[in-house]
Amino acid sequence: MAKKVFITSKLPGKIDRYLRSRGFTVSVYTGKEPVSKNELIKKASKAEGIITLLSNKVDREVLDELSNCKVIANFAVGYNNIDIQYAKKKGIVVTNTPGVLSDATAELTISLILACTRRLIEAEKFMREGKFKGWMPDLFLGTELKGKTVGIVGAGEIGTEVARRIKAFKTKIIYFNRSKNSIIENELKGKKVSLDFLMKNADIISVHLPLTEDTYHIINRSNLKLMKKSAIIVNAARGEVIEEKYLIELLKKKKIKGAGFDVYENEPDINPELLKLQNVVLLPHIGSATTETREEMAMLAARNVEAVLKGKKPITPVN
Ligand code: GLV
């Protein structure tokens with residue numbers, strides 16, 4: 001009998017067709033919002049393979065109901081939405097989508113940095129409100145990247161791609177990472193430093209750590225308060241890596257220059273205090289949101305499902 005694959009959302013590209021052509025029965029949840037936990041359990045309980053979104057929480061309660069499941073392919077590089085240890089105990093392979101989204105996420109991060117340093121969103125709003133009455137020497141003065149120190153927190157693939165791109169703006173790179181990054185050291189002349197040193201010395205801080213038990217609130221009141229008054233921080237990784245409440249305090253009191261958010265601590269809920277601030281740029285978690293990348297992510301997820309259900313090794317396993 002054909003093995004069943006459940007996809008928790010319509011995904012870019014034609015992976016449902018691809019999986020059918022490989023002999024699987026495919027069903028796709030077509031709701032406009034992320035599938036609810038109950039619905040996920042109901043729809044996925046018989047499936048051998050499941051493709052999930054980062055907005056689907058796959059905890060013990062869900063995993064206990066997936067009696068046929070052999071593989072969960074997360075349509076994301078981050079997989080903090082899945083209890084991977086418990087999945088492993090149940091014999092379920094979990095996979096993610098590394099590599100294919102690094103360029104898109106780096107491009108978005110650079111956009112977020114420039115939106116903060118050049119006040120792009122504020123300026124655009126000003127235009128739409130009909131407030132532009134002519135060129136003035138002090139209209140929307142921002143800060144230049146040239147000569148500034150950029151601190152990359154988490155120098156994996158995405159952090160490395162951000163470092164490569166930001167270097168072209170004539171910046172200096174420092175980075176915080178468990179291991180030495182030879183591309184940043186050799187090609188970009190960047191230096192590995194402690195997190196405290198980075199927080200204290202960087203003009204722009206860019207966060208690229210995965211969310212794990214070790215990185216939860218790794219950026220917190222004790223190191224945020226080391227930041228320069230002129231510095232900005234951007235996060236296109238996971239909200240919970242930063243103690244958001246304290247960052248908001250600093251922004252409110254103008255103890256730092258600004259911040260760019262693509263992710264939030266209680267996503268999709270947003271702290272209402274953030275919406276009142278002028279010195280922030282707020283995006284709805286769109287780091288990897290390009291057509292090209294999302295199609296590649298979908299294909300990689302589908303190929304992971306196919307591999308496991310055909311008894312082969314997963315391409316990008318995480319547990
Ligand atoms: C996006 O946040 C991802 O983890 O792919």
Side-chain angles (χ1 to χ4, degrees), residues 7-13 15 33-35 50-59 71-84 87 93-113 115 152-162 165 177 205-219 233-242 244 259-270 281-305 314-319:
I7 310 177
T8 68
S9 174
K10 177 129 190 53
L11 298 180
I15 61 153
E33 286 170 11
V35 66
I50 305 170
I51 298 181
T52 50
L53 308 182
L54 62 90
S55 41
N56 305 142
K57 198 163 174 53
V58 186
D59 55 15
V71 55
I72 299 175
N74 210 34
F75 179 71
V77 68
Y79 45 84
N80 52 288
N81 56 309
I82 304 175
D83 186 337
I84 59 164
V93 175
V94 178
T95 67
N96 68 342
T97 60
V100 293
L101 48 63
S102 302
D103 290 309
T105 308
E107 287 179 12
L108 188 278
T109 305
I110 301 294
S111 313
L112 198 48
I113 291 171
I152 305 282
V153 182
E157 273 196 51
I158 297 171
T160 305
E161 290 306 325
V162 170
R165 286 160 174 79
N177 201 47
I205 298 166
S206 194
V207 180
H208 302 288
L209 288 169
L211 175 62
T212 65
E213 273 171 22
D214 295 336
T215 63
Y216 176 82
H217 279 192
I218 191 169
I219 297 181
I233 181 164
V234 304
N235 185 5
R238 285 292 181 272
E240 296 92 328
V241 170
I242 302 182
E244 190 178 272
F261 294 75
D262 187 41
V263 291
Y264 305 86
E265 197 162 345
N266 297 305
E267 220 172 291
D269 298 333
I270 181 156
V281 173
L282 307 173
L283 300 179
H285 202 152
I286 53 170
S288 66
T290 67
T291 307
E292 298 89 335
T293 283
R294 290 281 162 88
E295 286 181 3
E296 284 193 62
M297 288 165 67
M299 203 56 208
L300 181 52
R303 287 174 50 232
N304 269 307
V305 167
I315 306 157
T316 49
V318 298
N319 68 344

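Whatever order the structure lists ligands and atoms in, that order sets their numbers, starting from 1.
Here is the list of ligand 1 atoms found below 4.0 Å of a heavy atom in Ala76: 3 (C), 4 (O), 5 (O). Of all the atoms in ligand 1, the ones that sit under 4.0 Å from a non-hydrogen atom of His285 are 1 (C), 2 (O). Of all atoms in ligand 1, numbered sequentially from 1 with element shown, those under 4.0 Å from a heavy atom of Leu101 are 5 (O). Taking a cut-off of under 4.0 Å to the non-hydrogen atoms of Leu54, the atoms of ligand 1 that pass are 1 (C), 2 (O), 3 (C).
Here the closest heavy-atom approach between residue Arg294 and residue Ser288 is recorded as NH2-OG, 2.9 Å. The two residues Leu54 and His285 have their closest heavy-atom pair at CD1-CE1, 3.7 Å.
In this structure, CG in Asn81 is found 5.5 Å from OG1 in Thr52, a value given to the nearest 0.5 Å.
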Verify side-chain contact (heavy atoms from CB on, under 4.5 Å) between Thr109 and His208, making sure each step is shown before the conclusion. CA-CA 10 Å; Thr109 305; His208 302 288; 3.6 Å; yes
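From the protein, the heavy atom lying nearest to atom 5 (O) of ligand 1 is Val77 N, 2.8 Å.
Considering Ile15, Val100, Thr95 in turn, Val100 is the only one that fulfils the side-chain contact (heavy atoms from CB on, under 4.5 Å) rule with Leu300.
Taking any N or O of Arg238, backbone or side chain, at least one lies under 3.5 Å from an N or O belonging to ligand 1.
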